[in-house]
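Structure first, commentary second.
Index from 1, following the sequence.
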Amino acid sequence: MSRRGWVLFGLMSVIWGVPYLLIKVADGGVSVPVLVFARVAIGSAVLLPLAIRRGQLRVLAGRWRWLALFAVVEIMLPWALLSDAERHLSSSLTGLLIAAVPIIGLVLARLTGGPERLTAARWAGLLAGLGGVALLAGPHLTGGGAWPIAEVILVALCYATGPLIANRKLGDLPGLGMTAVCLAAAALVYAVPAALTWPSRVPSAAVLGSLAGLGVLCTALAFVLFFQLIAEAGPARATVITYVNPAVAVALGVGVLGEPLTPEIVAAFVLILSGSVLATRSGLPRPRPARDLPPAVAEVRPQPDTGS
């Protein structure tokens, strides 16, 4: 991989590990609808003009139903659930649970008729990943802590479902245009709930900075850089960032927010990440990389139009 490719890889590995920290900070000053609206509105304001200038919106005509479903599964629902869950869970715990997305994605692909074979290595990965999730979730399943865990698992399920829709129904569309339209649609959906729950006082500088960071850094800039990384290094290498993001999330949670780094977290980190690597080892050709939405995460995304 070229020097430019390594730079882009390093940037993306860090950038998509940051949202969990910023969401945790923003949760302290605004409602969930305001948080999601700010992120998608800023992201769409940056990306939509780029998509229009490159003529990437015209080709989306006729795919609105699948685009709408994709926007719901990949942005509207998971970003709200994630923001609400982090009101009760640490950012590092949330980031590690989301790291199970590749494992869930393999199961969904298999259940929906995909060509993936469950080899012995993949079975070992599935079991290791599930063990890591159980280790993290177990202590929270009593005393009213089950719902935030369920929210994060639902987010992981959404993040695993989105690429299936993208690969099978939207894989030939330009990633930048698809991302911009989905973000704009999410902004329209969350505009009214955000207005109804708008804070009565101006949030703190830390909260405003976190909202700006989520919209500009973790959404708009991240997608542009990810497109460039795919063009420079190829889709297979680009998706390896999903194994680095959780480590960044844990490091930021512990180092910046002072969240505890327990032996259980360390053990779960090893199990989930090892499980993800084993579960996604290629036995058959890898699925086409998917679009570039989520934060975080850990999805295989469709290859975007890399003309820039």
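Each of Leu130 and Val101 belongs to its own hydrophobic cluster when Ile, Leu, Val, Met, Phe, Trp and Tyr are linked at side-chain heavy-atom distances under 4.5 angstrom. Residue Val192 is not grouped with residue Val32 when hydrophobic side chains (ILVMFWY) are merged at heavy-atom distances under 4.5 angstrom, including chains of intermediate members. Note on Phe37: it does not cluster hydrophobically with Leu188, by side-chain heavy-atom contacts below 4.5 Å among ILVMFWY residues. Val250 and Leu271 are members of different hydrophobic clusters when ILVMFWY side chains are connected at heavy-atom separations under 4.5 Å. Note: the hydrophobic cluster containing Leu81 also contains Leu96 (ILVMFWY, side chain heavy atoms under 4.5 Å, direct or indirect links).
Contact annotation: the side chain of Leu35 approaches that of Leu214 to within less than 4.5 Å [non-hydrogen atoms, C-beta and beyond]. Counting heavy atoms from C-beta outward, Leu154 and Pro78 have side chains that stay 4.5 Å or more apart. In this structure the side chain of Leu50 reaches within 4.5 angstrom of the side chain of Val224, judged on heavy atoms. You'll find the side chain of Arg63 reaches within 4.5 Å of the side chain of Leu170, heavy atoms only. You'll find the side chain of Glu151 stays beyond 4.5 Å of the side chain of Leu82, heavy atoms only. Between Trp123 and Leu278 the shortest side-chain heavy-atom distance does not fall below 4.5 Å. Inter-residue side-chain proximity for Leu208 and Val202 is flagged as met; some heavy-atom pair is nearer than 4.5 Å. Inter-residue side-chain proximity for Ser204 and Val207 is flagged as met; some heavy-atom pair is nearer than 4.5 Å.
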Please evaluate residues Ser210 and Ile23 with respect to the criterion side chain to side chain contact (heavy atoms under 4.5 Å, CB included), reporting the C-alpha separation (whole Å), side-chain torsions for both, the decisive distance (0.1 Å), and the verdict. CA-CA 7 Å; Ser210 295; Ile23 290 172; over 6 Å; no
Hey, mind stepping through Gln228 and Leu225 against side chain to side chain contact (heavy atoms under 4.5 Å, CB included) and telling me if it holds? CA-CA 5 Å; Gln228 295 181 12; Leu225 292 178; 4.2 Å; yes
Verdict with reasoning, Leu257 to Ser91, per side chain to side chain contact (heavy atoms under 4.5 Å, CB included): CA-CA 9 Å; Leu257 298 178; Ser91 64; 3.8 Å; yes
Check the pair Val40, Trp79 against side chain to side chain contact (heavy atoms under 4.5 Å, CB included), reporting the backbone distance first and the verdict last. CA-CA 10 Å; Val40 297; Trp79 287 6; 3.5 Å; yes
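Atom CG of Leu22 is separated from atom CD of Glu86 by 9.5 Å, given to the nearest 0.5 angstrom. Taken from CG in Leu8 to OG in Ser13, the straight-line distance is 10.5 Å, to the nearest 0.5 Å. We find the CG-CG distance between Leu183 and Leu48 to be 9.0 Å, quoted to the nearest 0.5 Å. Atom CD1 of Ile104 sits about 12.0 Å away from atom OH of Tyr159, to the nearest 0.5 Å. Note that CG of Asn245 and CE of Met12 are 7.5 Å apart. Values are rounded to the nearest 0.5 Å. Atom CZ of Phe269 is separated from atom OG of Ser274 by 8.5 Å, given to the nearest 0.5 angstrom.
For the pair Lys24 (side chain) and Leu89 (backbone), a donor-acceptor distance under 3.5 Å is present. Under a 3.5 Å cut-off, the side chain of Thr219 and the backbone N or O of Val216 do not form any donor-acceptor pair. At distances below 3.5 Å, at least one donor-acceptor pair connects side-chain atoms of Tyr190 with backbone N or O atoms of Met76.
Nearest heavy atoms, His88 versus Pro148: CB-CG, 3.6 Å. Between Ile75 and Cys182, the closest heavy-atom pair is CD1-CB, 3.8 Å. Across all their heavy atoms, Ser44 and Ala187 have their closest contact at OG-CB, 4.5 Å. A pairwise comparison of heavy atoms in Leu229 and Phe9 identifies CD1-N, 3.8 Å as the closest pair. Residues Leu47 and Ala220 share a closest heavy-atom pair of CD2-O, 3.7 Å. Contact between Ala160 and Leu164 at its shortest, heavy atoms only, is O-CG, 3.8 Å.
For Ser92 and Glu259, the side-chain atoms include at least one donor-acceptor pair closer than 3.5 Å.
Between Phe223 and Trp16, the distance from one ring center to the other falls under 6.0 angstrom.
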